[in-house]
There are 2 protein chains.
Amino acid sequence: MDLIDRKYRILQAIIDDYILTALPVGSRTISRKYEQKLSSATIRNEMSDLEELGYLDSPHTSAGRVPSNKAYRLYVDQMLRPMPLSVEETAFINRCFDRRMHQVEDVSMRIAKALSSMTHYTTAVMTRAPRNEQVLSHLQLVPVADRRVLMILVTKSGTVKQSILDLGANVAPDELYTVSRILSQQLEGLRLSELAGELMRLSGKNETGIHAIVRAMAEQTPQQEQSDIVALAVGGRSNLLSFPEYSDVDKAKALLSVLETREKVVSLLSQHGEMEISVRIGPETGLEETKDCSIVTASYRLSDGRVNTIGLIGPTRMQYGKVLSVLGQVGKSLDMMLEDQKD
Amino acid sequence: MDLIDRKYRILQAIIDDYILTALPVGSRTISRKYEQKLSSATIRNEMSDLEELGYLDSPHTSAGRVPSNKAYRLYVDQMLRPMPLSVEETAFINRCFDRRMHQVEDVSMRIAKALSSMTHYTTAVMTRAPRNEQVLSHLQLVPVADRRVLMILVTKSGTVKQSILDLGANVAPDELYTVSRILSQQLEGLRLSELAGELMRLSGKNETGIHAIVRAMAEQTPQQEQSDIVALAVGGRSNLLSFPEYSDVDKAKALLSVLETREKVVSLLSQHGEMEISVRIGPETGLEETKDCSIVTASYRLSDGRVNTIGLIGPTRMQYGKVLSVLGQVGKSLDMMLEDQKD
DNA sequence: GATTAGCACTCAAAAGCGTCGAGTGCTAAC
DNA sequence: GTTAGCACTCGACGCTTTTGAGTGCTAATC
């Protein structure tokens, strides 16, 4: 399994070159560009061995050779040189994760766009709140417009769900507050899935006053167990089309379709140990449609207990060095932000 | 300008056929499939006339002919036969706009996905609140987690903005309510853009108690005029790649890039008279990148004053009949929903 | 006078074909 | 163990030919 030094170097050179050019690489190329002391014939012999060992494939007899998934695996696990980011890149990442992170709106989307514009890969960002913490912490009714009220449910983990209620009549803000406070105390600690039933029970059959409010709330409360996924965004889809491996429209379409299917994106981002960066190559991605792709995911625990998973997807011929550096920096940047908040 | 009946029919046949097949249509095709009484030679003469009148283009001497933008314009304005939807389709649309519409979450996304799966075009959905109504109506602080508080700003038009504040210390819910009420009264009617300054002024230099809260609020309040766009979602991007006009990856990429640029999507959806369905063909779309596309947009005023704009985008060779029927049904469906709410 | 049949002409796309060159594998010499 | 040399493979490229759908024009027909 352990390759002697020269084979190892040659394999690395082949992978590097292929990642760069997407063209099958031949013995002559390696001899000229990477191992000038060796003739192409020697390289040829080594390559032949590497093919036998399962690290290289040949598309056909007289094209060059192409790294196998096994080769990428080795490359990622052992050959990767850390590729330092430029000052601008580091600064750019830091800027993404500054205080604006506080704006609840569409942080995911902004991160996704930023990372895909940096790496030229497609990025998916998912924020999830641990399912067992989907328990009500606080409830609030806020007047929005004529007769209408915004119901806000805050869970222990800090997730916020909102719905608009139509009360059928105007209710004074002060009364809304009273109702909010009473119900908040009464319902705190319940799982969101139990909420609707409990509200229904409280409202009884009485159709007037506070009962009407409670009934309206019950109707708009999610019945089933809510998904623990709070936000999901994909950015930089069009980047895919720049890769020669997707010059075939059908392949591009298949992959784009995956990225439009919520469950599939979630599944791609999910198989992943927490707090770590994981690289999955080809079939390891777990979906038939992405068997020629690699996915690098990174998970970060946020201060409020939610977990953010960022995934970069591209052809197996991926610039792993760059991608890992970027995600590493994202981690550092987030840590810094969390530190700041402790003051 | 008014074409005699036969020319008119022939033109219609050509457009119908081209929309269906995407292939330049020749005289023989028309003679066989649509006007069996006439020989191909006669059709040829008519087509020659139509070309001179600017309704047809010939890609080159011996391909068939292709409708011009002028022809599509005529088609949309005068030739369109209403294409009734199937019962399933109608039901499907109605289901999209039922009570779930109340859930604030990602209605736009759901509509976008539903419509693009129905029509096989790409769909963009935008919800906007009139800018001049971006005025504070109500403000509320809600405890979320340790030391953290969710600040909710509700505008007169019913838009909700939220940010997380870090207060640096725990504050009792009751106190939060008191602060909310006082500030609500004091700040009501201010434009959102003026809010940060006013809060800053109120907090003064005092760093303790209520002042600390107000200061934290000032820091997280949007400084600039907020965009009036509340939500924007795009669905069904991969549908584009099914059209032969995008079998060229570069063209597909260009269009996909447009759909990833927020401002461009907004601009595509914006040039539009309210409460109506508008069809824009080719250059009428207003962007260089979409000069070979058509966009059908429809705007609906929601009960809370917000305006929802739905746009379907595809090649100029678009199934206008189907698309218009679908959007028409969406309008009816929404109206029904609004009626319901009056009860 | 409108319609049609017939024919010459056009042109893109497909098919066929030789050439080129990057690549391999093998063998024999160093 | 390394390399030079050589025969062989095969896709890519460029060229020509063929094919066929389509046009435009003219002369005959209704």
Side-chain angles (χ1 to χ4, degrees), chain A residues 3-11 13-18 20-68 71 244-245 247-249, chain B residues 3-11 13-18 20-68 71 244-245 247-249:
Chain A
L3 307 169
I4 59 160
D5 191 50
R6 194 177 65 180
K7 267 200 181 45
Y8 194 86
R9 275 202 335 270
I10 291 176
L11 180 55
I14 294 172
I15 302 177
D16 280 337
D17 203 75
Y18 187 69
L20 216 63
T21 64
L23 264 28
V25 8
S27 51
R28 188 109 191 296
T29 313
I30 296 300
S31 145
R32 262 185 303 139
K33 288 213 288 185
Y34 300 90
E35 298 282 346
Q36 284 151 358
K37 299 252 168 94
L38 298 178
S39 81
S40 67
T42 311
I43 308 280
R44 227 150 31 231
N45 290 329
E46 297 287 25
M47 284 168 90
S48 175
D49 293 355
L50 285 167
E51 183 167 357
E52 199 146 326
L53 289 168
Y55 290 104
L56 295 179
D57 294 330
S58 6
H60 55 264
T61 19
S62 77
R65 278 163 169 113
V66 160
S68 68
E245 22 279 271
S247 56
D248 175 2
V249 187
Chain B
L3 307 170
I4 61 162
D5 191 51
R6 194 178 63 182
K7 267 200 179 51
Y8 194 88
R9 278 206 330 273
I10 291 177
L11 179 56
I14 294 172
I15 302 177
D16 280 336
D17 202 76
Y18 186 68
L20 216 64
T21 64
L23 263 28
V25 10
S27 50
R28 187 112 190 294
T29 314
I30 296 300
S31 143
R32 262 186 302 139
K33 289 213 288 187
Y34 300 89
E35 298 282 345
Q36 285 152 358
K37 300 252 167 93
L38 298 178
S39 80
S40 66
T42 313
I43 307 280
R44 229 154 25 235
N45 291 329
E46 296 287 26
M47 284 169 88
S48 175
D49 291 354
L50 284 167
E51 182 166 356
E52 198 147 328
L53 288 167
Y55 290 103
L56 295 179
D57 296 330
S58 1
H60 56 264
T61 18
S62 78
R65 278 162 169 112
V66 159
S68 67
E245 20 282 90
S247 56
D248 175 1
V249 187

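All values reported here derive from a predicted model rather than from experimental measurement.
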*Asks:* For nucleotides 16-30 of chain C, just jot down a letter per nucleotide in 5' to 3' order: B, S or -, based on protein non-hydrogen atoms under 4.0 Å.
*Replies:* ------BBBB-----

*Asks:* OP1, OP2 of C/dT4 versus side-chain N and O of B/Thr42: anything below 4.0 Å?
*Replies:* yes

*Asks:* Between C1' on C/dG1 and CZ on B/Arg6, what's the gap in Å once rounded to a whole number?
*Replies:* 12 Å

*Asks:* Starting at atom CG of B/Leu38, determine the distance to atom P of D/dC30, rounded to an integer number of angstrom.
*Replies:* 17 Å

*Asks:* Check the distance between C/dT4's P and B/Ile43's CD1 and give it to me in whole angstrom.
*Replies:* 9 Å

*Asks:* Between protein and nucleotides 14-16 of chain D, what N or O pairs are separated by less than 3.5 Å?
*Replies:*
none

*Asks:* So, taking the atom named CG in B/Leu38 and the one named OG in B/Ser27, what distance separates them when rounded to the nearest 0.5 Å?
*Replies:* 11.5 Å

*Asks:* Using a cut-off of 6.0 Å, state whether more than 12 heavy atoms not belonging to B/Arg28 lie near its atom CZ.
*Replies:* no

*Asks:* One thing to verify: whether B/Asp57 and B/Arg65 come together as a salt bridge, which I'm taking to mean a side-chain N less than 4.0 angstrom from a carboxylate O.
*Replies:* no

*Asks:* Identify the two heavy atoms, one from A/Ile15 and one from A/Ala71, that lie closest to each other, and give their separation to 0.1 Å.
*Replies:*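 Shortest heavy-atom separation between A/Ile15 and A/Ala71 comes out as CD1-O, 3.7 Å.
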
*Asks:* Tell me the interatomic distance from A/Asp49, atom CG, to D/dT2, atom P, rounded to whole angstroms.
*Replies:* 11 Å

*Asks:* Report yes if the side chains of B/Val25 and B/Thr21 come closer than 4.5 Å at any heavy-atom pair, otherwise no.
*Replies:* no

*Asks:* Determine whether the side chains of A/Ser58 and A/Glu51 contain a donor N or O and an acceptor N or O closer than 3.5 Å.
*Replies:* yes

*Asks:* Is the shortest heavy-atom distance from the side chain of A/Arg44 to the side chain of A/Ser40 under 4.5 Å?
*Replies:*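 Yes, at least one pair of side-chain atoms sits under 4.5 Å.
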
*Asks:* Compare all side-chain heavy atoms of B/Val66 with those of B/Pro59 and state whether any distance is below 4.5 angstrom.
*Replies:*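 Heavy-atom side-chain distance check passes, below 4.5 Å.
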
*Asks:* CD1 of B/Ile14 versus P of D/dG22: gap in Å, rounded?
*Replies:*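 Distance check: B/Ile14 CD1 to D/dG22 P gives 12 Å.
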
